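The structure appears right after this line, and notes come after that.
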Amino acid sequence: MNISEEIKNLINLDLEQRFLRYVQIDTQANPNHTGPKPSSQGQITLLRLLQEELQELKLEAVEYDPEGYVYATLPASNGLRTEPLTLLAHVDTAPDCSGSNVKPRVIRSYQGQDINYPDDQELILSPKGHPSLNSCIGDDLIVASGRTLLGTDDKAGVTEIMTLARVLIENPKIDHPEIRICFTTDEEIGQGVKNINKDRLSRYCLTLDAGEPGELEYECFDAWSFSILFSGISTHPGTAYNRMINAITAASAFLNELPFTERPETTKDRDGFYHPVEIHGDLQSATLRGIIRDFNSKKNEERLKKITEIALQLEKRWPGLKIKTEFKRQYRNMGEILKSETEFLDLCRHGIRAVGLEPIETPIRGGTDGALLSFEGFPCPNLASGQAAIHSKLEWTSIGRMSKCVETLIQICRLQSTSK
Ligand SMILES: [Zn+2]
């Protein structure tokens, strides 16, 4: 079913006004924060603003949760009794790049040119490095000023959910199931769904946190962290013969045993890796920390075994050396759950096709809040929000990209309201 020009105009206008308002609030997550969520005051400011705006839109059960959430419910249209749908987006921005005093700029009717930045003469956003710009000719781009990120990750998603709510309220003829809205905090520091109120979620959820319109992500890494403690034996170097066991040497011997062909810098697509991220120590004791990643959990289990085997071999080579290994599961590949949710994935695919896009289904070489939710009984794929060049001063999006994402949601709502 087509979306009328009148509704498309409303979407464009509403998206722009909201997005410009939200990105000017500094919601950068603070990785050094200790204590309760959220990790920065700005996130509370934006949550409170969203709470007010949801109340003005007359959504039901609008709730500010001090655990770092805002929830709201939009009842199903015309008393429809289909499965509700929960939409999630995070209000925080990445710690990697400043989010304070963001000055968004709208570039009307983009013509494919390079974009310059007033606050950083060196910076250039060019279709050469960012080919998706080529599909935005005639569109209104939004970029930052060169000193900060823009905040498209994930204020684009937040904005789209708000715009969708307004469009559905003002156009009661568009069929939709009950929509549950959940804005989260501190996603960028791995706390996105900590203490989330599961009573406010529904059987099916969607995060709006992918990039290109049309993206449908339902696979992510299976993720472990490891920590290895090497304990050596120290002696005077002059009398070390056959007695000293150097923990630094042991740690470096360990690293040499890890296959170099399985590192982040030597793998792509569906291949997994070992990734040492931190090492420190002295003659007596050394600690090595790292992570392992793969889409296939069995392959990660083999990696854990390999780490244990290398440790045993080294202990045999240097009697007296002690190696203690510790492994921690971080998150699992949500594909294990979502691949069997064919009906829901098909509904998303139909929604994407209904706005003239072809679904882009690439596995995420990382994690997502949806992974944790999926394993807790809330299957949660990730859809596009139109964010681009994320976590950098070049972050950008466009009104056209964001409106495609809202239109996709409208189509998914329509389809969901006709399913059983
Ligand atoms: Zn994000």
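Sequential numbering from 1 along the given sequence is applied to the chain's residues. These numbers come from a predicted model, not from an experiment.
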**Item:** is_close_aromatic(F221, F295), centroid dist under 6.0 Å
**Value:** yes

**Request:** Evaluate salt bridge (Lys or Arg N to Asp or Glu O under 4.0 Å) for E53 paired with R21, printing each intermediate quantity in order.
**Result:** CA-CA 12 Å; E53 293 186 357; R21 197 157 63 231; 3.1 Å; yes

**Message:** So that I can tick it off, tell me whether K37 and D186 are bridged by a salt bridge, with the cut-off set at under 4.0 angstrom between side-chain N and carboxylate O.
**Reply:** no

**Fill in**
For A156 and S385 the tightest heavy-atom approach is CB-O, 3.4 Å

**Request:** Would you confirm whether D294, through its side chain, and S297, through its main-chain N or O, come within 3.5 Å as a donor-acceptor pair?
**Result:** no

**Message:** Between E326 and K324, does any side-chain N to carboxylate O distance fall below 4.0 Å?
**Reply:** yes

**Prompt:** What do the steps show when you test K103 against D119 for salt bridge (Lys or Arg N to Asp or Glu O under 4.0 Å), and what is the final call?
**Reply:** CA-CA 10 Å; K103 289 182 272 177; D119 294 343; 3.2 Å; yes

**Message:** As a test of understanding, state which of E376, E343, E341 forms a salt bridge (charged side-chain N to carboxylate O under 4.0 Å, His left out) with R203.
**Reply:** E341

**Asked** Ignoring hydrogens and geometry, is there a side-chain-to-backbone donor-acceptor pair from E160 to V406 under 3.5 Å?
**Response** no

**Message:** Quick check on salt bridge (charged side-chain N to carboxylate O under 4.0 Å, His left out): which of R293, R332, K299, R329 does D222 satisfy it with?
**Reply:** R329

**Prompt:** Between T207, T27, D153, which is the residue that forms a side chain to side chain donor-acceptor pair (under 3.5 Å) with H90?
**Reply:** D153

**Message:** I'd like to know whether T163 forms a side chain to side chain donor-acceptor pair (under 3.5 Å) with D14, so could you lay out the CA-CA distance, the side-chain angles of the two residues, the decisive distance to 0.1 Å, and finally the verdict.
**Reply:** CA-CA 6 Å; T163 299; D14 192 77; 2.8 Å; yes

**Message:** Quick test of your reading of the model: are R108 and D140 salt-bridged, counting only N-O distances below 4.0 Å?
**Reply:** yes

**Request:** State whether Y71 and R180 meet the cation-pi test: NZ (Lys) or CZ (Arg) under 6.0 Å from the six-membered ring centroid, and within 45° of the perpendicular axis.
**Result:** no

**Message:** For the residue pair E212 / S132, report whether a side-chain donor-acceptor contact shorter than 3.5 Å exists.
**Reply:** yes

**Asked** Any luck finding a side-chain donor-acceptor pair between N30 and S39 under 3.5 Å?
**Response** no

**Asked** Do E315 side-chain atoms and I323 backbone N/O form a donor-acceptor pair below 3.5 Å?
**Response** yes

**Prompt:** Taking 4.0 angstrom as the limit, do E219 and R270 come out as a salt bridge?
**Reply:** yes

**Message:** Given 3.5 Å as the limit, does a donor-acceptor pair link the side chain of T152 with the main chain of T397, or not?
**Reply:** no

**Message:** Determine whether R105 and I142 satisfy the following criterion, side-chain contact (heavy atoms from CB on, under 4.5 Å), listing intermediate values before the conclusion.
**Reply:** CA-CA 6 Å; R105 296 181 299 146; I142 308 181; over 6 Å; no

**Request:** Say whether N195 and E67, considering side chains only, have a donor N or O and an acceptor N or O under 3.5 Å apart.
**Result:** yes

**Side-chain donor-acceptor contact under 3.5 Å, T82 with S417** = no

**Item:** Pair E309 + K305, salt bridge at N-O below 4.0 Å
**Value:** no

**Request:** Flag the pair E257 and K306 as a salt bridge only when some basic side-chain nitrogen lies within less than 4.0 angstrom of an acidic carboxylate oxygen.
**Result:** no

**Item:** Matching residue for I352 among I360, L347, T408 - test: side chain to side chain contact (heavy atoms under 4.5 Å, CB included)
**Value:** T408

**Message:** For A61, is there any backbone N or O sitting under 3.5 Å from a side-chain donor or acceptor partner on T73?
**Reply:** no

**Check: T261 main-chain N/O paired with T266 side-chain donor or acceptor under 3.5 Å** = yes

